[in-house]
Student: 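Sharing a structure, written as structure tokens. Questions coming.
These figures come from a predicted structure and were not determined experimentally. Throughout, residue positions are numbered sequentially from 1 according to the sequence presented. When reading the values below, keep in mind they use all heavy atoms of this one structure, side chains included, and skip hydrogens, waters and symmetry mates.
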Amino acid sequence: MKKVLIVLAIISVFISCKKEKQAISQKEVQPRVTWEPYDETSDLAATQELEQARMHLKLVNSKVLNKNEIWYEVESELDYFSEDEYQKLKPLILEKDIPTLQQSVKDGKLTYEELTLFYLYRIRKYESDNSISLNSVIALNPNVVKQARELDKVDKNTIDVHSVFGMPIMLKDNVNTEDMATTAGTIILQNNRTGNAFITKRLLEKKALILGKANLSEWAYFLCSGCPVGYSAVGGQTMNPYGRMIFESGGSSSGSGATVAANFCVAAIGTETSGSILSPSSQNSVVGLKPTIGLLSRTGIVPISSTLDTPGPMTKSVIDNAILLNALIGKDADDSASVATGIDFVASVKSSVLKEKRFGVIKAYLEDSLYNIAIEKIKKAGAEIVEIEPEQTPLPGFLSILNIDMKNDLPKYIKTQGGNDIPVKSIEEAITFNRIDSLNKIPYGQELFEGIVNDNTTEEELNKIKENLEKTARNYFNTHIDEHQLDAILSINNYHAGYAAVAKYPALTVPMGYTDNGEPKGLTFIYKPFSEDKLLQFGYWYEQLSKERKAPKKYAN
């Protein structure tokens, strides 16, 4: 009987494969799309006229990565996916949140394979065109379509619409995954083949699809000083879809923000030390959550600071942010800061009741018209507004936390979580490596790396700095939170990212609108540790009230 069942199973697989091949053979093979290098001179010259000095670019595209390599291994999957199919799928996919996408799958209108092919096709379509490319993607998962097909075999009635099952997710390219190298944007890690990070494993356990790796500010923007955000030697210059080569893309999770904003994926993972999720989320008009340190594991992520680093979800909507956060949480025995939580963030969002909540509003920011409009909407909806004037308190020694932590944490990552083909073992060796062929490796210099080796702060001094800064930053917020019994403080973009970082407070930014010249801004909610459920409730309420997010015009088709 057992032998008969095995034979029947083999026959079934053979018939299924034969049908697949017959279906494919009936389709017309599509012409392959290629990227061609171009003369960047005029584009670079135009950036020199911009007021923002950090937007004075020295290059657009990477000098070490041919963009055709990004989609080379998925070309065979795209050979039978046409522009007509892409156009038919657009109304089902563009700007849709996870529950809507999942419902379309359940209703038989969409498959996970189609969803995945749509994003792969779209990435190649836009990133191969030098007039609209964003340099937002460093690599694509060569196995992702095959993985999507496997998920299509599951009974769709069993799928929770509030889950990441089958959803193509981008990882910032400092998060380890075994399907692709983890480069942190640097040539040093270009061949860094690793296992999966803890959060990558969590996504895979929930049957999410790892679509690819997003570009970033090299070494998470801890290499050069005053240089453009979103630049990396491997990925080139990440650009903002709302103002390509005009607006900053935000850093360091630049590619994560741009890929979500331009509908190159369902959602993305970013990382933050100080502002690296909040900045690109607000700049790209997406929802970004910087969680409390310890809520999400850092194991298998190229570090800056074990004191302040955290990954976090970046999405087009607050409900998607909660869904992704649910998938990522879990206690990691290898991360000393990691904690367990039993909170269902999706349930928290859906049970949001915010009337009569009390919000602290920064009085000086009311001069910002978008912030003022947002506050008025919140007030009219029944919340209580308390104007506060927090005193700008310096954070002395902040840089030393990053310097000394990275000096210690990077060698530890290389030794315990990195691949076998990393040519350096320390910051000192990385500096020496970069000096050879520096025009290609470090066109904007490596001032911050040099600052790391020159920082002689002792362990005792560092511990005192950490203790003082955490106390200072918490007092900065708590003086007003406690006195006025506030439910959250409302800020703009990443304006309070440094304080939230050393206080170890979570922060959520939600699209707030666009300036007269079209640059996005975000309304940012900040509160005490492990209040992510509250922040997501507030963010969801504000999002439904304002509905400010709009797809970038050139990437809305």
Side-chain angles (χ1 to χ4, degrees), residues 15-36 66-98 100-137 139-154 156 166-170 179 209-212 214 241 258-267 316 551-557:
I15 292 170
S16 176
C17 290
K18 190 174 180 181
K19 284 181 178 177
E20 255 182 43
K21 287 177 181 177
Q22 286 174 344
I24 290 172
S25 67
Q26 291 169 4
K27 289 186 175 183
E28 184 180 344
V29 178
Q30 302 300 307
R32 292 192 170 183
V33 177
T34 57
W35 170 78
E36 295 291 341
N66 182 313
K67 289 177 81 168
N68 294 303
E69 295 172 20
I70 297 172
W71 46 80
Y72 174 76
E73 292 192 79
V74 298
E75 288 276 29
S76 60
E77 301 288 3
L78 292 172
D79 281 345
Y80 298 94
F81 187 82
S82 68
E83 176 69 16
D84 284 345
E85 288 175 281
Y86 170 76
Q87 293 297 336
K88 286 176 185 175
L89 289 171
K90 271 201 309 188
L92 290 172
I93 298 173
L94 278 191
E95 289 294 298
K96 297 297 187 287
D97 61 21
I98 289 174
T100 303
L101 292 171
Q102 295 285 25
Q103 193 60 53
S104 289
V105 173
K106 288 171 81 81
D107 293 343
K109 299 175 183 177
L110 182 66
T111 67
Y112 296 123
E113 180 182 359
E114 287 173 332
L115 182 62
T116 304
L117 286 169
F118 176 90
Y119 286 126
L120 293 175
Y121 183 90
R122 184 171 170 84
I123 288 167
R124 186 184 66 176
K125 179 185 177 76
Y126 281 88
E127 294 290 11
S128 63
D129 185 337
N130 286 315
S131 67
I132 52 175
S133 67
L134 299 172
N135 288 344
S136 58
V137 178
L140 293 170
N141 180 359
N143 304 309
V144 70
V145 180
K146 179 182 176 183
Q147 292 162 355
R149 285 193 195 105
E150 288 301 310
L151 297 184
D152 276 322
K153 296 175 183 177
V154 173
K156 304 304 185 297
M167 296 293 103
I169 309 293
M170 276 282 180
D179 286 329
L209 293 166
I210 307 301
L211 184 65
T259 55
V260 173
N263 283 274
F264 289 172
C265 57
V266 170
K316 287 185 286 291
K553 289 180 181 177
K554 290 185 179 179
Y555 304 85
N557 296 313

Student: To check you understand the geometry: which heavy-atom pair defines the closest contact between D179 and P142, and what is its length?
Tutor: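 Closest heavy-atom pair between D179 and P142: O-CD, 3.8 Å.
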Student: Where do I210 and V144 land on the side-chain contact (heavy atoms from CB on, under 4.5 Å) test, with the steps shown first?
Tutor: CA-CA 7 Å; I210 307 301; V144 70; over 6 Å; no
Student: Closest heavy-atom contact between Y119 and P168?
Tutor: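 Shortest heavy-atom contact: CD1-CG, 3.9 Å.
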Student: Look at the side chain of K553 and the backbone N and O of A551, then say whether any donor-acceptor pair between them is shorter than 3.5 Å.
Tutor: no
Student: Sequence neighbours left out, what passes side-chain contact (heavy atoms from CB on, under 4.5 Å) with N68? Give chain and number order.
Tutor: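 Per chain and number, N68 pairs via side-chain contact (heavy atoms from CB on, under 4.5 Å) with T34, W35, N66, W71.
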Student: Evaluate the side-chain proximity of Q30 to F81: yes if any heavy-atom separation is below 4.5 Å, no if none is.
Tutor: no
Student: Checking side-chain contact (heavy atoms from CB on, under 4.5 Å) between I123 and each of L134, T259, L211, which is the one that passes?
Tutor: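 The passing option is L211.
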Student: Could you tell me whether the side chains of N263 and E95 share a donor-acceptor contact shorter than 3.5 Å?
Tutor: yes
Student: Please identify which of these residues, Q147, K153, K146, meets the side chain to side chain donor-acceptor pair (under 3.5 Å) condition with E150.
Tutor: K153
Student: Please check this pair: side chain of E127 against backbone of S136, looking for a donor-acceptor N/O pair closer than 3.5 Å.
Tutor: yes
Student: Among residues two or more places apart or on two chains, list those pairs meeting salt bridge (charged side-chain N to carboxylate O under 4.0 Å, His left out) that have a residue in residues 101-112.
Tutor: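 Passing the test, one end in residues 101-112: no pairs.
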Student: Check whether any side-chain heavy atom of K96 lies under 4.5 Å from a side-chain heavy atom of L110, and answer yes or no.
Tutor: no
Student: Not counting sequence neighbours, which residues clear side chain to side chain donor-acceptor pair (under 3.5 Å) with T116? List them please.
Tutor: none
Student: Would you confirm whether R124, through its side chain, and E75, through its main-chain N or O, come within 3.5 Å as a donor-acceptor pair?
Tutor: no
Student: Does anything in residues 76-86 form a salt bridge (charged side-chain N to carboxylate O under 4.0 Å, His left out)? List the pairs, not counting sequence neighbours.
Tutor: K27-E85, R32-D79, E77-R149, E83-K125
Student: With side-chain contact (heavy atoms from CB on, under 4.5 Å) as the test, pick out the partner of L115 among L89, L92, I93, L209.
Tutor: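 Filter result, single survivor: I93.
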Student: Who are the side-chain contact (heavy atoms from CB on, under 4.5 Å) partners of A261, not counting sequence neighbours?
Tutor: P241, Y242, N284, V286, R549
Student: Where do K156 and L151 come nearest, in terms of heavy atoms and distance?
Tutor: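 Answer, listing the atom of K156 first, then L151: NZ-O, 4.3 Å.
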Student: I132: what forms a side-chain contact (heavy atoms from CB on, under 4.5 Å) with it, not counting sequence neighbours?
Tutor: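 Once residues adjacent in sequence are excluded, the partners of I132 under the side-chain contact (heavy atoms from CB on, under 4.5 Å) criterion are Y126, D129, Y555.
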